[in-house]
Amino acid sequence: MPPELYPPGAAVMAPIAGHTDIPFRRMIRRFGCRHAFTEMIDAGSLVFQGQKTLRLAQRGSDAGFLGIQLVGSDLPTLKRAAEIINDMDFDVLDFNLGCPAPKVARKCEGIRFALEDPDGAIRAFETLVSASRLPVTAKTRIQDESDPAPTVAFCRRLRDAGAKSITIHGRLMRNFYSGPVFYEIISAVRESLDIPVVANGGAMDGASFRTLLKKTGCSAGMVARGALGNPWIFREIADSSAPPPDVAEFTETIRAYMDDMLDCYGPEFAYVVARKSLLEFLRGRGYPGTLRASVSYLDSGDALKKLLDAVAEGPTERYLENLALHPESVERKLVRSHS
Ligand SMILES: Cc1cc2nc3c(=O)[nH]c(=O)nc-3n(C[C@H](O)[C@H](O)[C@H](O)COP(=O)(O)O)c2cc1C
């Protein structure tokens, strides 16, 4: 087995389009995330130097292990994109062979590339391996829920093409991000390969992350939606007895995140770009619907101050009572105070 990219027990932050930017990564690093990814970068946009793409492809002040993920299918474009990345400061280059989003699937990229043109997908992967100075990895999905053979066969080909590790999301293309995760298929791939397999799917808190590793036998797992609005998941993974945030820590984390958003995007864009992340913070933590609705209009420092003041007042009494009496019924935990 070649040296592991990720140490045993590693919780790798997934690439998430529209989320895993510099401010998000700064935040999760504070809570112990050691391995992270940029969001997926379109190879063609990188080659043609789109300003937005170049910004997505920046490391920023992020000092930890950071991978970059490419999506694409045209071989010369992928080769050129890998060469551009050779001059950047990343630790790993990942190839997206798992995305089911229509704008990717339409071009027969992501998981459709793997399913409908596996020979082309493997050639694309080989192109990246020969052009890149970095370890090249792949992120894909299971291809069948009951029969491991097609997923195993495809992953073996990726391994033969030079993959240093493969992340497998245990859901079919048609199920996008919902429904059960088929641990047995991930486990079968792990058993049949001599490179590390990273398990992905359904790690929404510390306990479900541990279940993912246990049921797949993988030594590393990838966290995706469980970290949105919830950087504390990394603290909970490292220490199952770590407390959930209290209202003061919760408010300060959002404040620091917004400071970084303003630094990164400037006041003209930061509030708009931050809206979806702010909704993730407030989701499932007992804040009134009216407060969540106000996030959709956030557009200024004054509006942010009002929002943070309301957040600092804490969740509704009903939520706090539920948390005390039926903690399992609460989607995400937020306590009144640690002391
Ligand atoms: C909004 C959104 C954007 C995503 N963007 C990417 C992406 O850019 N690259 C990628 O490989 N996967 C992407 N994914 C998939 C996740 O990385 C992950 O595989 C999936 O959410 C399953 O993990 P989970 O059940 O822990 O969320 C995205 C998922 C969501 C919900």
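Remember, it's 1-based here, ligands and their atoms both numbered in the order they're listed. Positions are given from 1 along the sequence.
The residue among M222, M40, K139 with a heavy atom at the shortest distance from atom 17 (O) of ligand 1 is K139. Compare P15, A203, C99, A199 by their heavy atoms: the one nearest to atom 14 (N) of ligand 1 is in P15.
Heavy atoms of G202 approach ligand 1 to within less than 4.0 angstrom. The closest approach between a heavy atom of R171 and any atom of ligand 1 is below 4.0 Å.
Side-chain atoms of T137 and D94 include a donor-acceptor pair closer than 3.5 Å. No side-chain N or O of S300 forms a donor-acceptor pair with one of D302 less than 3.5 Å apart. Counted by atom type alone, Q143 and T151 present zero donor-acceptor pairs between their side chains at under 3.5 Å. Checked by atom type, the side-chain pair N175/E145 shows a donor-acceptor distance below 3.5 Å. Remark: the T20 side chain and the R25 side chain contain no N/O donor-acceptor pair separated by less than 3.5 Å.
For atom 27 (O) of ligand 1, the closest non-hydrogen atom on the protein side is R225 NE, 2.6 Å. Nearest protein neighbour of atom 20 (C) of ligand 1, counting heavy atoms only, is Y177 CD2, 3.6 Å. Protein heavy atom nearest atom 4 (C) of ligand 1, with residue, atom name and distance: A17 N, 3.5 Å. Of the protein's non-hydrogen atoms, the one nearest atom 23 (O) of ligand 1 is N200 ND2, 3.1 Å. Looking at atom 9 (N) of ligand 1, its nearest protein heavy atom turns out to be Q69 OE1, 2.8 Å.
Salt-bridge formation is detected for the pair E83/R80: a Lys NZ or Arg NE/NH1/NH2 atom is positioned less than 4.0 Å from an Asp or Glu carboxylate oxygen. A salt bridge does not link K333 to E236: none of the charged side-chain nitrogens sits closer than 4.0 Å to a carboxylate oxygen.
The only member of Y257, W232, F24 that meets ring-ring contact (aromatic ring centres under 6.0 Å, His included) when paired with F31 is W232.
Counting heavy atoms under 4.0 Å from ligand 1, residue H169 touches it through the side chain alone. Contact annotation: for I16 versus ligand 1, heavy atoms closer than 4.0 Å belong to both the backbone and the side chain. Residue contacts with ligand 1, taken as heavy atom pairs separated by less than 4.0 Å, do not involve H19 at all.
More than 12 heavy atoms of other residues, nucleotides or ligands lie within 6.0 Å of CZ in R59, so this atom counts as buried by the packing criterion.
Short contacts between ligand 1 and A14, defined as distances under 4.0 Å to a heavy atom of the residue, involve ligand atoms 17 (O).
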